[in-house]
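Shown next, in structure tokens, is the structure this report addresses.
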Amino acid sequence: MSKNLTSRAEDYSKWYNELVVKADLAENSAVRGCMVIKPYGYAIWEKMQAELDRMFKETGHVNAYFPLFVPKSLFEAEEKNAEGFAKECAVVTHYRLENDPDNEGKLRVDPNAKLEEELVVRPTSEAIIWNTYKGWIQSYRDLPILINQWANVVRWEMRTRLFLRTAEFLWQEGHTAHATKAEALVEAEQMNDVYAEFAESFMAIPVIKGIKTESERFAGALETYCIEALMQDGKALQAGTSHFLGQNFAKAFDVKFTNNEGKLDYVWATSWGVSTRLMGALIMTHSDDKGLVLPPNLAPFQVVIVPIYKNDEQFEIISEKANSIISELKTLGVSCKFDKRDTHRPGAKFAQHELQGVPLRVAIGPKDLENNTVELARRDTLTKEIIQIDKLTQTIKDLLVVIQHELFTKALNYRNTHITEVENFDEFKTVLETKTGFISAHWDGTNETEQKIKELTKATIRCIPMNNKLDDGKCVYSGQPSTQRVLFAKAY
RNA sequence: CGGGGUGUAGCGUAGCCCGGUUAUCGCGCCACGUUUGGGACGUGGAGGCCGCAGGUUCGAAUCCUGCCACCCCGACCA
């Protein structure tokens with residue numbers, strides 16, 4: 001392992017890839033486009049899962065699990081959805097292998113074991129779930145259904161990148177069924193709000209809530225709500241989406257119910273999801289050239305204690321202090337690891353914990369034993385201070401809150417200073433090339449203009465912000481009248 | 001999938017153009033000793049189907065063909 005990361009300025013993309021691997025978050029696997037999520041990376045994902053799961057349950061949802069495979073006939077039922085995902089589906093066609101008669105010791109697919117009907121490995125689960133819901137819903141009394149599932153999905157992407165775009169990824173997908181359009185709309189918007197709240201409070205990532213234009217909408221949705229974040233390199237990242245599906249899936253799967261007036265109607269639907277892509281967002285929002293920077297609310301452990309000693313006797317005394325600090329922190333709800341490995345020297349441990357983004361580091365050495373102090377170091381600012389040991393745990397508790405807040409504020413400042421209003425297309429292109437970030441511009445509302453801008457600049461409309469203020473102007477590209485500004489950016 | 005690039009020890013690499021002794025160097029790894037407040041030092045040691053499969057040749061890391069993986073740029077996308 002070489003000592004230093006490639007810097008962000010030198011090669012942002014390389015920096016990201018090296019960081020993911022060196023911080024021990026994930027690595028590429030023997031399977032094309034699929035990653036191995038390593039324990040440290042998975043621990044962060046588990047923290048995200050735990051918070052999201054709690055938030056879903058607080059908003060009335062329950063977890064369930066549906067099959068990995070979707071029979072092709074079900075998959076194709078909702079045409080737009082099927083069409084949207086068709087190009088990236090893995091398909092199971094056989095169910096057995098046999099010894100290859102022409103190739104000793106090798107196996108081949110048994111040609112006699114062809115499936116009657118191909119099975120699509122889910123790229124998303126609307127089809128199998130709505131086919132199931134059909135059997136569960138007869139009356140308005142059966143509604144709403146508010147289900148979430150934690151699962152893996154497969155989308156056969158051409159170009160993959162650890163966490164940001166892998167062929168298989170982990171996510172959660174909520175699938176809800178409602179008696180009225182209004183209720184489904186409220187649900188879709190509510191879950192987008194939940195995502196925004198999670199991103200900001202736990203990941204310390206400021207996000208813009210908005211709706212997608214028709215061309216960026218989820219295949220099969222009538223409206224897609226989203227949260228958009230801005231990465232340090234000025235590119236936008238879609239961090240979560242929540243879809244109002246109307247009655248499309250109910251019609252495709254014939255899910256009707258009798259309402260309280262005795263009339264038959266199709267069920268209204270939503271679906272919403274966030275994925276391991278959030279790991280990518282987390283990394284690219286806060287980390288620096290020394291490695292990962294984790295917000296305290298998601299760090300696998302928030303504090304690490306590194307002992308510095310010259311002999312066993314000193315180590316014993318330090319261990320005792322460390323253990324009492326750990327138990328005090330535990331009662332304050334702070335997680336702490338004592339790095340007592342005798343195989344690495346302190347400097348190596350400092351470097352490793354910085355690389356892995358541990359928010360606070362406590363070093364205890366001989367000088368501290370004399371003075372009853374410790375050295376407390378912040379990962380985010382890389383600053384250190386000597387503090388009295390009896391003030392330590394409360395200081396840590398308070399500091400973690402400060403760090404969480406400051407990471408958010410720093411990211412928010414960056415984001416806010418990278419939303420630029422432009423009035424014409426030259427300005428649009430200049431800002432996109434030099435300053436980067438979001439561009440707030442008038443758009444005539446047509447798909448043609450959107451596609452043309454994408455073609456010319458690679459920038460797409462990330463979203464139309466929620467509660468966007470109306471503002472008469474002229475489309476930045478076509479010059480046609482426009483009633484509001486929308487946000488453009490180059491995106492991941 | 002289209003264009004470009006790269007695959008040599010766990011990692012990073014030299015050698016490849018112009019085929020020819022035992023494949024270079026650094027980091028890491030192992031043992032012992034000395035060390036420990038920012039990635040320790042010394043001595044000794046282990047580790048290689050030179051991405052995979054064919055071909056050319058007396059001889060291939062080196063030349064040719066195919067395949068695979070990864071990186072960058074496109075199209076696609078959470």
Side-chain angles (χ1 to χ4, degrees), chain A residues 1-6 11-18 21-22 27-35 84-89 123-124 152-173 195 212 215-219 224 226-229 236-243 271-281 290-291 306-312 314-315 318 340-355 361-371 373-375 377 382 384 386 451 454-455 458 460 462 491-492:
Chain A
M1 187 187 285
S2 68
K3 283 185 182 168
N4 292 311
L5 283 172
T6 298
D11 187 338
Y12 192 83
S13 187
K14 197 170 176 192
W15 165 81
Y16 174 84
N17 287 322
E18 282 183 10
V21 172
K22 288 185 178 175
E27 64 186 35
N28 280 304
S29 71
V31 189
R32 199 202 96 95
C34 297
M35 66 180 162
F85 286 102
K87 293 186 299 290
E88 52 195 59
C89 285
T124 180
N152 58 340
V153 287
V154 170
R155 296 181 188 175
W156 214 263
E157 299 289 349
M158 295 304 175
R159 278 182 65 192
T160 59
R161 287 188 74 191
L162 292 169
F163 290 121
L164 294 173
R165 179 166 297 108
T166 46
E168 178 196 18
F169 56 92
L170 305 184
W171 76 345
Q172 59 68 217
E173 47 182 327
Y195 289 154
K212 288 292 187 187
S215 73
E216 296 277 331
R217 215 174 267 160
F218 177 75
T224 289
C226 64
I227 54 172
E228 292 285 330
L237 186 127
Q238 178 175 305
T241 48
S242 179
H243 316 290
S271 69
W272 27 275
V274 294
S275 71
T276 37
R277 183 179 230 205
L278 288 178
M279 293 287 292
K290 284 191 178 296
V306 176
I308 297 158
Y309 54 94
K310 296 198 193 304
N311 53 53
D312 287 353
Q314 278 178 356
F315 179 72
I318 292 168
K340 60 184 175 190
R341 289 176 296 172
D342 61 0
T343 51
H344 296 260
R345 298 166 92 242
K349 293 179 183 178
F350 292 174
Q352 188 198 332
H353 295 127
E354 270 162 16
L355 181 60
R361 180 186 74 226
V362 173
I364 311 176
K367 287 182 217 159
D368 298 306
L369 295 182
E370 280 175 31
N371 303 328
T373 56
V374 300
E375 180 193 85
L382 295 168
K384 297 186 264 201
I386 304 296
Q451 294 311 318
K454 183 177 179 183
E455 215 173 280
K458 298 181 181 76
T460 50
R462 300 320 304 156
Y492 275 97

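Letters A, B, ... are given to chains in the order of the sequence lines, protein chains preceding strands, and every chain is numbered from 1.
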Between [M] and [N], how far apart are the [atom1] atoms? Round to whole Å, please.
| N | M | atom1 | answer |
| --- | --- | --- | --- |
| B/U8 | B/U22 | P | 23 Å |
| B/U6 | B/C49 | P | 23 Å |
| B/G39 | B/C16 | C1' | 35 Å |
| B/G15 | B/G7 | C1' | 15 Å |
| B/G33 | B/C25 | C1' | 27 Å |
| B/U35 | B/C41 | C1' | 8 Å |
| B/G4 | B/U62 | P | 22 Å |
| B/C30 | B/G38 | C1' | 26 Å |

For this session: Kindly say whether, by distance alone, the side chain of A/Arg361 makes a donor-acceptor pair under 3.5 Å with the base of B/G38?
Result: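 Donor-acceptor pair under 3.5 Å: yes.
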Problem set entry | Base of B/G39 paired with side chain of A/Gln352 (donor-acceptor, under 3.5 Å) |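 Check fails, no donor-acceptor contact within cut-off.
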Please determine if a side-chain N or O atom of [X] lies less than 4.0 Å away from the OP1 or OP2 oxygen of [N].
| X | N | value |
| --- | --- | --- |
| A/Asn17 | B/C72 | yes |
| A/Lys14 | B/G5 | no |
| A/Arg159 | B/C73 | yes |
| A/Thr124 | B/A78 | no |

Exercise. Angle class for the A/Trp171/A/Phe169 ring planes (parallel below 30°, perpendicular above 60°, tilted otherwise)?
Worked result: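 Aromatic pair A/Trp171/A/Phe169 classed perpendicular.
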Exercise. Which class fits the ring pair A/Phe218 and A/His243: parallel under 30°, tilted 30 to 60°, perpendicular over 60°?
Worked result: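 The rings of A/Phe218 and A/His243 lie parallel, inter-plane angle below 30°.
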[X] side chain, from C-beta outward: closest of [options]:
| X | options | answer |
| --- | --- | --- |
| A/Glu375 | B/G39, B/C72, B/G37 | B/G37 |
| A/Lys454 | B/C76, B/G37, B/A78 | B/C76 |
| A/Gln238 | B/A78, B/C72, B/U36 | B/A78 |

For this session: Answer yes or no: are there more than 12 heavy-atom neighbours, outside A/Asn311 itself, under 6.0 Å from its atom CG?
Result: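 Atom CG in A/Asn311 is packed in, count exceeds 12.
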Exercise. How about A/Ser215 and A/Arg217: does a side-chain donor come under 3.5 Å of a side-chain acceptor?
Worked result: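 A/Ser215 vs A/Arg217: no donor-acceptor pair found between side chains.
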